[in-house]
Structure formats: C-alpha cells, structure tokens
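The sequence lines fix the lettering, A, B, ..., with proteins before strands; numbering per chain opens at 1. Side chains are part of it too, since the values below use all heavy atoms of this structure and drop only hydrogens, waters and symmetry mates. Keep in mind the model is a prediction, meaning the values are calculated, not measured.
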Protein chains: 2
Amino acid sequence: MTIKPAKTMTLSDIARLAGVSESTASRALRDNPVINAQTRQKVQQIAADHQFKVNATARSLRTQKSHTIAVIILFDAKTQQAITDPFLLDILGVIADELTRQGYDMLLSTSKTTDKDWRSYYFDSKRADGLIVIGQGEHDERVEQLSDAGVPFVVWGAATGTERFPVIGSDNRQGAQLAVTHLLAQGCKRIAFLGDIRHTEIEMRYLGYQDALQAAGIKPEAKLQLNTDFTAQAGYLQTQQALFGELGSLDGIFAASDAIAMGAMKALLERGIKVPQQLALVGFDDIAMSAYCTPSLTTVKQDTHAGGKLLVAQLLSRINGGKAASQLLPVKLIERQSSLRKE
Amino acid sequence: MTIKPAKTMTLSDIARLAGVSESTASRALRDNPVINAQTRQKVQQIAADHQFKVNATARSLRTQKSHTIAVIILFDAKTQQAITDPFLLDILGVIADELTRQGYDMLLSTSKTTDKDWRSYYFDSKRADGLIVIGQGEHDERVEQLSDAGVPFVVWGAATGTERFPVIGSDNRQGAQLAVTHLLAQGCKRIAFLGDIRHTEIEMRYLGYQDALQAAGIKPEAKLQLNTDFTAQAGYLQTQQALFGELGSLDGIFAASDAIAMGAMKALLERGIKVPQQLALVGFDDIAMSAYCTPSLTTVKQDTHAGGKLLVAQLLSRINGGKAASQLLPVKLIERQSSLRKE
DNA sequence: CAGCATATTGCAATCGATTGCAATATAGCC
DNA sequence: GGCTATATTGCAATCGATTGCAATATGCTG
C-alpha cells in the first residue's frame, strides 16, 4: 500500500496517523531501543506507506550535524586545470558513492569561485560536517587555514609525512622511480623530465626520477627537468621547443602526466622520431586513452578507487572522534608500446 | 579589525554587539530596505569583523529554501560509464561555478547509489530546491517520475522537442550531419556508424548520419550501424571484429564519441590502414586528447560551457516562478588530420 | 502642540525534528 | 494488593534564522 501524498508530510502527520506523539514517532523511525517494538513497527510502516522522508534541515538544525561533506577541487591558478584532471571523474565518483553509502550527501565546488574562507563558509554556517580537498596546488593558504582552525578535513595530494593535516595520495616518488628505472632498463641513457615541480606531487615525482638515475650511477642533470603545465598542449610545445633546442640528444622522456606525455608524443611523431626505438616515453596517471593512442602509452597507474574510499574513511573517522592519518597508496607501472623496445 | 571567534557565533551574538534585536540584525544583514542605513552599516560591520556566517540550516528551515541544487550523473547500467564522460568535468565545473555565483550550493551524486526516489530524497526532505540530471540513459524511469511530480529539474541530454520536461543538449543530429557531410566531401563512399542508438542522443546522431547520406543521394545501409559502448575498448573491438568481417569495404567511419573513435583508430593503424587516406575517421565530443593523438582526430565540438550555464539558468528560472524550456545548442565540426585527405 | 503619515524597530511565533526529564504504564516479587 | 524496578511514552524546550504585525519613533504640517 503506497499512498501518494498530496503535500509534503511532516513527522507530525506520521505521529498523528500512528496515534503517538512526535517524539515517539521520531524515536521509532530512528530505531531508538527505548521504543516498544510494536510501536516502532507501526510508525515505520506508516512512514514507508507515505514515502515519508524526515526534513533534513530540521534535523540538521536540531542535531547540529548536516551529514554532508564538501569536496573542493583545487585548480591551478594559471592553467585553470586541476592537476588531478586525468582521474578526477574516477575519484569523484568513488567519493560520491562511498559517501552515499555512509549516509552522507556530497557538496562539490571548485577553488575558482569558492568563498575565500572555507572554515567560515562550510563549518560556521553548518553547511558541512567535513571537507575533502582534491589537490594541493602550490601550498594553498586556504588549506593551511583549515589546519589552523582544527576542522575535520583531508586532502588528496602528495603525502610527504611532514604535513600538519592528513594527506592521502599515491606514492609519487615510487611511481616515478619505477618509470625511470624501466626506461633505463630499456636502454635509455639520457632522460628528460617534463613536469612543474612547484607542485608538491610533481616535486615528489622528480625526486623519484632522481632516485632512479642515482641508483643507476647516473648524475641527474638539472637542465633535463623542464617545467611543463598539465596539458597535452604544454607537453607538445615544450617537447618541440625545448627538447630539440639546447638540451642535446635524448633517448627518453618521463612526463609527469599522461596528458603531457601525449602532447610530447605527438611532437615526436611529427618530427619523425620513432617511439620507442629512438626515444622511449612514459607518462603518469593511466588515463583511459593511454591504452588506445598509437603507440599505446606506458604509464604509472594510481589506485583512485582505493584513494577515494580512503579519503572518505579517514574523514569520517575524524568526524566521529577518531583519528585521520596521512597515507601513501601504492602505484603500478603499466608497460605499453611507448617504452617497450625490442631486444 | 578581524576578531577570531572562540566559538561559532550566532545572529543573536551579532545583534547583542550591535545593540539591536535579532530581527533587526537579520534584516540588516539581508539589506532589507526597512532598516535604517546607519543601523544596517553597523550590523554589517560587526558581522564582517567577526567573519560571521548565518547558520544555513536555520535559514533553510525557516525560509523553506535550501539554496542547493542537486546534480545527478546518470550512468549507463551496463558499462558503468556516463555517456557524458568525455566532457563531464567541463560541464560539472561550469555548473558548480555558475551555481556558486548565483548563491547556490551544489550536491553531486551518481545514479549508481542514489536513493530510488529522487523526489522524496531531494525535495520532500528539503535537501535541494532543484535538480540537474546529466544524461538521459535509456529513458530512466526516475526522470519520468520527476516529471510526474512537477518538481523543478532540467536534464542534459537529447532535446527532441517532444519530451515532457526541459532538456538542454547539443544538436546531435546537426553535428552528425556535419561530420558525415564532411566525410562525403572527402570522397568517402561507404561510411560506418559506431554508436549505441538505444540512447536517445546517439539515436539523434544516427538520424543526422542518415540525413547526410540521403542528402547525397546515398541510401543508408542498416548493417553499417554498429551498436558500440562508450569506451575506446568497445570502439577498438567493434572495429576489429565487425568492420573487417562481413561488412565489405569501408572508407569512412563516423564514431558517436571520441573515445570510440580512438579505439577504432588504433584498430585501423594496427591493421596498417592509413588514416585518413584509406579510411577517414570522425568522432564526436572534442575531448582534450583529440587534438594530440596521432593522427589528430576530426570531431564535433559541443559547447559545454554554454550548456552548463543554460542548465543553471533554466533551472533557476523555473525555481523562481518562471519557465524552463528545452533548448538545442549549436555544434561545430573541428577538422583535423584523421579526415583531411589531400586533394 | 496635536494630528497624520511614514520610517524604524522589536515581540512573538514559526519552521520541523530531536531529546532531557518527568510522568505513566507494566511486570515481577513478596 | 502493595511495592519496586524497569519499560515506555509524552511534554516542553531547543536549535537559529526569519517575518507578520503591532508598537514606537520621527518628521512634517496646520
């Protein structure tokens, strides 16, 4: 028996229909054990019959909990691109689904237009119980203020172990080391690094690049690190203009993202440089297209699924009185045509 | 003078500091013209000094407006992929930014885990004032129910002019016609269509494909329409298995999305088929990578920026008592290497 | 000064759910 | 039946902002 309500019902209507007080109806709907089982069943049945939903704003006001998490995507001020663009949809989807499962709603906004003071906007006005920031940018002051305010939040970014707030992210250093070690194993002697190290995550990838070179007894050359924005266009232009101007010969490129790598690849192919025979290429992110470009791109895969779940788990732990800790997620090298030379 | 509050302030605190009643303080903060300018200024200054933010839940309860819009991303039940994946980030970003500008918050969820009854969950419980659904899927029943309920919502999808609710979307038919007309102009004689016409948007693209053929005096062959999921992988496999099995010779492919096109391209290149000389290829969406694959992909660009803005504008118009109408957005053919044959 | 019109402000109620504590009901034991 | 312990329920207050309407203040005119 499903009755279509003519107007939005309130708990008061349900209570009246059940012949109990509003407080009893409220407790019954929330499975409060002090309510007799028969009463509880009756109230819940009536509510179900009427597709009754508690007024979320009334509940939030009374309980001082919104059951809402705000997610802010941090954009790079210069390119208006998120460093996490490649897998942003994946991670957002996981976060959204996981929050829904935990009984939370998810607010989404971007750093482009968000109010300057996140603490005030989200916490003081009771819009959200917690915050997930996607990306670290170049040490955004607003993130530091959140930390100062002691509000519950977590960040997807580069977990260095030294930050004052919980950061979840892939092991960028390890991923880069895997990539460059692989290029060396393919016989590459001189490898360029395309990526903007002013971003912590990319800085960690550069450290991993250096780790791999040093482990092979090769001294890293500073001029082989080329700051590159996170777009295929930047990768294309940088490869065109910088790689073949003053750097000398290269036989490898480690690009800090797949987008950069694809732009680089196009520049290489246009110059008639055979990939990977003459120059081997590795990206980072394993975007959907990486397997389907020609040649397919070797890349480092981040576990965005685990990342999204972990962000939610850590934040909810913090909200519920527990702790939230930084954590590094494992990465995996995905070998494809762009770097696999025939022996 | 910025004073850091020791605890969350309420309007009551601000009123006390200003020496006025709460109702005066409330009216002053909202620029109500019945309040004297001097009083208004005083209250607003004190609020600013304390970084005061009105409690959003209290306001929502009293005003019966949440100032929140829920955005639901509709996933294809089979592939767990959104048809709008290629430009979803773009459109979400525009929607988020535009809503922020209009003083609204944006909730995000996906159709994978959302409560079955959107009217009940979002409207009855006062979580949102309106709904934006991204994607139409295969005539999702939940969208029909929204229409029955008469709640304010808009959909990004295929505006056919016959739907009972406002749909904003690109002119898919026109876009496909442009693409196929272009392929014909490049000398293609037999063109396959890769896309799943069970989706309204793709169905419209197929109509445009047929329009172009008929305008050229060519009778469309049903067997050249191949249902293909919205992934590069599906495009790759379909092109491998179907195109070169029983279809006879082809010299053109119109793929209903860039992802499909890229998969198809890889399959063609692997077979040593020269693109576009032997077989010309056009996609749809103009994703970021389309310009940077090799050869770069000719595609149809959708104006997601205008689309996002229009979705918000139409929905807010509806919420504020006005009308919301379906609208078709213009598309543009972006000619690149994958279809440009040398004369 | 009185009267009238308008500006300004504050009281009190409201929104709808939740919860502390007191009142009432129920069950068990002597 | 009376007493005690426990179960169950309901009253009333609360959350914090907003707003209708009445009260009060102010300005102008005769």
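The residue among B:Glu22 and A:Arg27 whose nearest nucleotide of DNA chain C lies closer to the 5′ end is B:Glu22. Place B:Ser23 and B:Leu61 on DNA chain D by their nearest nucleotides, and B:Leu61 ends up nearer the 5' end. Between B:Lys126 and B:Val34, the residue anchored nearer the 5' end of DNA chain C, judged by the nucleotide with its closest heavy atom, is B:Val34.
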Candidate pair B:Gln51 and A:Asp124, rule side-chain contact (heavy atoms from CB on, under 4.5 Å), full reasoning:
CA-CA 9 Å; B:Gln51 297 168 340; A:Asp124 289 357; 5.6 Å; no
Applying side-chain contact (heavy atoms from CB on, under 4.5 Å), run through B:Thr68 and B:Met106 and close with a yes or a no.
CA-CA 6 Å; B:Thr68 299; B:Met106 166 173 150; over 6 Å; no
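Comparing D:dG10, D:dA17, D:dT19 against the side chain of B:Ala58 picks out D:dA17 as the nearest. In this structure, the nucleotide among D:dC11, C:dT19, D:dG16 sitting nearest to the side chain of A:Ser21 is D:dC11.
A:Val54 comes within contact range of the sugar-phosphate backbone alone, with a heavy-atom separation under 4.0 Å but no base atom that close.
Taking only side-chain nitrogens and oxygens, B:Thr39 comes nearer than 4.0 Å to OP1 or OP2 of C:dT9. OP1 or OP2 of D:dA17 has not a single side-chain nitrogen or oxygen of B:Asn55 nearer than 4.0 Å. Close to C:dG10, at under 4.0 Å from its OP1 or OP2, lies a side-chain N or O of B:Thr24. Proximity of B:Arg30 to the phosphate of D:dT18: a side-chain N or O atom is located under 4.0 Å from OP1 or OP2.
Protein atom CE of A:Met9 is 16 Å distant from nucleotide atom P of C:dC15, rounded to whole Å. Taking atom CG of A:Asn32 as the reference point, atom C1' of D:dA7 lies 12 Å away to the nearest angstrom. Atom CG in A:Asp13 sits about 12 Å away from atom P in C:dC15, given to the nearest Å. Note: NZ (B:Lys65) to P (D:dT18) measures 15 Å, nearest angstrom. Taking atom NZ on A:Lys53 and atom P on C:dG16, their separation rounds to 18 Å, with Å as the unit. In this structure, A:Asp124 atom CG and D:dC15 atom C1' are separated by 16 Å, rounded to whole Å. Here the P atom of nucleotide D:dC15 and the CD atom of A:Gln64 are 8 Å apart, to the nearest Å. Remark: C1' of C:dA25 and CD1 of A:Ile35 are 14 Å apart, rounded to the nearest angstrom.
There is no side-chain donor-acceptor pair under 3.5 Å between B:Tyr121 and B:Ser109.
The minimum heavy-atom distance linking B:Thr10 with B:Phe52 is given by the pair C-CE1, 3.4 Å. Closest heavy-atom contact between A:Gln302 and A:Ser170: OE1-OG, 2.6 Å.
For A:Arg62 against D:dT14, a side-chain-to-base donor-acceptor contact under 3.5 Å is present.
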